[in-house]
Every structure is written in C-alpha cells, then in structure tokens.
Amino acid sequence: MPELPEVESVRRQLEPELTGRRVIKTWWDPHPAIPREFSGLELLTGRTIRSVGRRGKFMVAPLDEDLELIMHLGMTGSFRFDLDDPHVRARLDLDDGRVLSFRDVRRFGRMAVVEAGDYETIPTLKLLGPEPLSDEFDPSTFAASLRRTSSPIKPYLLSQRPVAGVGNIYADEALWLAKINPGSRAVGSKRARALHAAIREVLAAAIEREGTTFSDYAMVNGESGRNADFLIAYGRGDTPCPRCRTPLRKITLGGRGTTYCPKCQRR
DNA sequence: CACGCCTCCTGTGCGC
DNA sequence: TGCGCACAGGAGGCGT
C-alpha cells in the first residue's frame, strides 16, 4: 500500500505530534508466526521521541539512549490517535495523555526499536537506495546501477536498491511517463535519465496530493490522499493511453500486477 | 552474489 | 445466496 508519498504524508502529520513526547506505556498484540512484527518494542517505554524522519517507506524516529524507532506501514498500516478498532496491533501511551494506535489489517507492517543506525535485522533498510527527491539521487549513478543489473526494470525498482520508496503504483506511473517497458532488461543511459526525472515528478506530485488512497491508506487525521484520480497507468488496464489512445495492458511481472502501454512503452 | 519464486496475513470482489 | 478463487499499495527467505 503505502509508498513514499503516503509515508511522507503520514510522517508530516506524526512529526509535530510526537516530537518531544515520552512514551509511558507500550502495548502490542503478539503474533506467534510473526516475531519480527514488533521486535524490541519493550525498549520503547520511558523513551523520548526526538523527531520523526523517513528513509524510503520506513519512518525512522530517533529516541534518547541512542535508540531508534523504525515504523513500516506494510500494505495496510496506519496511525491514529485514540482509535479503538479490532485491527489495532500496537498502542503507545504518550506523556500528554494521548494514545497512538497502529492499525494494520494484513500485519505486513512492523515497528522495531534498534540501536541507532543498526539495520542488520531490516535488510531492505540496510541496503536502501538514495532518497529520490534528494541530491544523492543523481542521474549518472542511477543509470550506472541500471546498467549493472540483469533484472527487468520494474522488479528492480521495487527492490528499493536503485532508489528508495518506489512501489507498485509509482513504478507503473514513472515507467509510463518515461516510455519504458516494465520488463526491459536493458535500460540505457538516455532512458535511465528519463526515468530518473519521471520518478521525481510522479513522487513529488503525489506528495503534493498527500498520497493515493484506494481503501486502507489514511493519514493520521483520518483523511484520504487525493492522488488516485490522477493515476494514468496503475489500475487502469483497458483504458486508452492518454498519449496514443492504445488500450493499456495489464500483465503480471515479478508476481505484481503491472499496467503499461504496449505501444509507447515498447521494448 | 544476484535473481526470481513463494510466503507471510486478512479482506474484498468477482464469477459460477 | 453461497462458495471458491484471484487479487491487493511490501518485504523477506530460500533455492538455483
């Protein structure tokens, strides 16, 4: 569900609420088959939250005692204050009397307290590529990384290694904008630069609209993102391509639904 | 090491 | 109406 624009929208609302707050009590719903879901959360009680940052789809909140709270929304995760719901998986009681609830129907999300910067138990975060809207995401390095892989371009983007935060929606959108076939295994320098620009454009526009809501994604204030009506490729199979009127085609690639224009995104 | 398949979990919507 | 199946925005483990 939530990709970079959704996570950033949540982060922007959480940060002013949590900065400087101390956690006085922590509760979570243990699931025997998912020990990783809330690892280290017992360390959170008594800690003060210094800020709420973000890397890709991970929120990273520095704590005192040189610890960090890592939060990932998975497919269906959301945060709300003072919410009572059967799908609430964790609750943080704060020193201002409010309770932050983490709701996650499918339980693919996670929260973890780790030593600051120690991401050994979170491999995707450890190997995470550059932030797409920062200067560290530069066209030449991106092109070089695409040259080195033999994977089809879309699954490679979803690995989070060439760039952080791109998921299934914005991968389809960016590849459509850059006119690149999602299955292409040979993206040259020129097309890599077009894709670099397209990723930035698509993500920045989605952040402006506070993300894409289909069903589960909501911000901390309960509101939906407004980007769904602006999607061109994702979820729009059989509708005409806005550039060439050819019906968009939906396929499965790397196990994920993938929509693209068979004419303007030729191999 | 890199890649690609399968799985984790729950809910929803569709076709029969 | 009811059942069974496919699919859903993500990531991690494991086999090749």
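Residue numbers begin at 1 in each chain, while the letters A, B, ... track the order of the sequences.
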message: Over all strands shown, is A:Ser215 touching base, sugar-phosphate only, or nothing at heavy-atom distances under 4.0 angstrom?
response: base
- prompt: Which residues satisfy the salt bridge (Lys or Arg N to Asp or Glu O under 4.0 Å) test with A:Arg12, sequence neighbours excluded?
  reply: A:Glu8
task: Between C:dC14 and B:dC9, how far apart are the P atoms? Round to whole Å, please.
output: 15 Å
message: Which residues pass the side-chain hydrogen bond (donor to acceptor under 3.5 Å, both in side chains) test with A:Arg98, not counting sequence neighbours?
response: A:Glu17
task: Sort and list the pairs that fulfil salt bridge (Lys or Arg N to Asp or Glu O under 4.0 Å) and have at least one residue in residues 111-126 of chain A, not counting sequence neighbours.
output: A:Glu120-A:Lys126
task: Check ring pair (Phe, Tyr, Trp, His ring centres under 6.0 Å) between A:Tyr234 and all other residues, then give those that pass, not counting sequence neighbours.
output: A:Phe214
query: Which nucleotide in the set B:dA2, C:dG9, B:dG11 lies at the smallest distance from any side-chain heavy atom of A:Arg161?
result: B:dA2
message: Looking at A:Asp82, I'd like to know if its CG atom is crowded, meaning that more than 12 non-hydrogen atoms belonging to other residues, nucleotides or ligands lie closer than 6.0 Å.
response: yes
- request: For the pair A:Arg103 and A:Asp85, find out whether any cationic side-chain nitrogen is under 4.0 Å from an anionic carboxylate oxygen.
  value: yes
field: Residue-phosphate contact under 4.0 Å: A:Arg148 side-chain N/O, B:dA2 OP1/OP2
entry: no
- request: With sequence neighbours left out, write down each residue that passes salt bridge (Lys or Arg N to Asp or Glu O under 4.0 Å) with A:Asp138, or none if nothing qualifies.
  value: none
Nucleotide N/O to protein N/O under 3.5 Å, stretch nucleotides 5-8 of chain C:
from, atom 1, to, atom 2, distance (Å)
C:dA8, OP1, A:Lys250, NZ, 2.7
C:dA8, O3', A:Tyr234, OH, 3.4
C:dA8, N3, A:Arg106, NH1, 3.1

message: Checking contacts here: which listed nucleotide (C:dA11, B:dC9, B:dC3) is nearest the side-chain heavy atoms of A:His72?
response: C:dA11
- prompt: Reading DNA chain C 5' to 3', what string of ( ), [ ], | and . shows its pairs, if Watson-Crick and G-U wobble pairs count only when both distances fall under 3.5 Å?
  reply: .|||||||.|||||||
query: A:Asp29: what forms a salt bridge (Lys or Arg N to Asp or Glu O under 4.0 Å) with it, not counting sequence neighbours?
result: A:Arg107
- request: Using the P atoms only, state how far C:dC5 lies from B:dT7, rounded to an integer number of Å.
  value: 15 Å
message: With a 4.0 Å limit, can you tell me whether A:Gln160 has a side-chain N or O closer than that to the phosphate oxygens OP1/OP2 of C:dG10?
response: no
- request: Would you kindly give the CE-to-P distance between A:Met59 and C:dA11, to the nearest whole Å?
  value: 13 Å
- request: Measure from NZ on A:Lys57 to P on C:dG10 and round the result to the nearest Å.
  value: 4 Å
- prompt: Where the side chain of A:Pro123 is concerned, which of B:dG4, C:dG9, C:dG13 is the nearest nucleotide?
  reply: C:dG13
message: I'd like to know if the side chain of A:Asp64 reaches the main chain of A:Thr48, judged simply by a donor and an acceptor atom lying under 3.5 Å from each other, with no hydrogens or angles considered.
response: yes
query: Quick one: A:Tyr217 OH to B:dT12 C1', roughly how many Å, whole number?
result: 21 Å
field: C:dC7 and B:dC5, which share atom name P, separated by this distance in whole Å
entry: 15 Å
Please write out the pairs of protein N or O atoms and N or O atoms of nucleotides 14-16 of chain C separated by less than 3.5 Å, giving the distance to one decimal.
none

- prompt: CZ of A:Phe108 versus P of B:dG11: gap in Å, rounded?
  reply: 12 Å
- request: Nearest whole angstrom, please: distance from the P of C:dG9 to the CD of A:Glu173.
  value: 13 Å
task: Could you state the atom-to-atom distance from CZ of A:Arg103 to P of B:dC9 in whole Å?
output: 19 Å
- request: Applying ring pair (Phe, Tyr, Trp, His ring centres under 6.0 Å), name anything that partners A:Phe58, two or more places apart in sequence or on another chain.
  value: A:His72
- line: Contacts of A:Arg193 meeting side-chain hydrogen bond (donor to acceptor under 3.5 Å, both in side chains) (sequence neighbours excluded), chain-then-number -> A:Ser140
- request: Give one of base, sugar-phosphate or nothing for A:Pro152, where a contact means two heavy atoms less than 4.0 Å apart.
  value: sugar-phosphate
query: A:Phe142 vs A:His196 aromatic rings, parallel, tilted or perpendicular, using cut-offs 30° and 60°?
result: tilted
task: Could you check which of B:dC9, B:dG11, B:dG4 has an atom nearest any side-chain atom of A:Arg185?
output: B:dG4
field: Selection from C:dG9, B:dG11, C:dG13 that lies nearest to any side-chain heavy atom of A:Phe214
entry: C:dG9
task: Determine: side-chain N/O of A:His87 to OP1/OP2 of B:dT10, distance under 4.0 Å, yes or no.
output: no
- prompt: A:Leu4 CG to C:dG9 C1': how many Å, rounded?
  reply: 13 Å
By side-chain hydrogen bond (donor to acceptor under 3.5 Å, both in side chains) - contacts of A:Arg226 (at least two apart): A:Glu210
query: Should A:His31 be listed as having a side-chain N or O under 4.0 Å from OP1 or OP2 of B:dC8?
result: no
message: I want to check one thing: is the phosphate of B:dT7, taken as OP1 and OP2, less than 4.0 Å away from some side-chain N or O of A:Arg107?
response: no
- prompt: Which whole-number value in Å describes the distance from A:Leu253 CG to B:dG4 C1'?
  reply: 11 Å
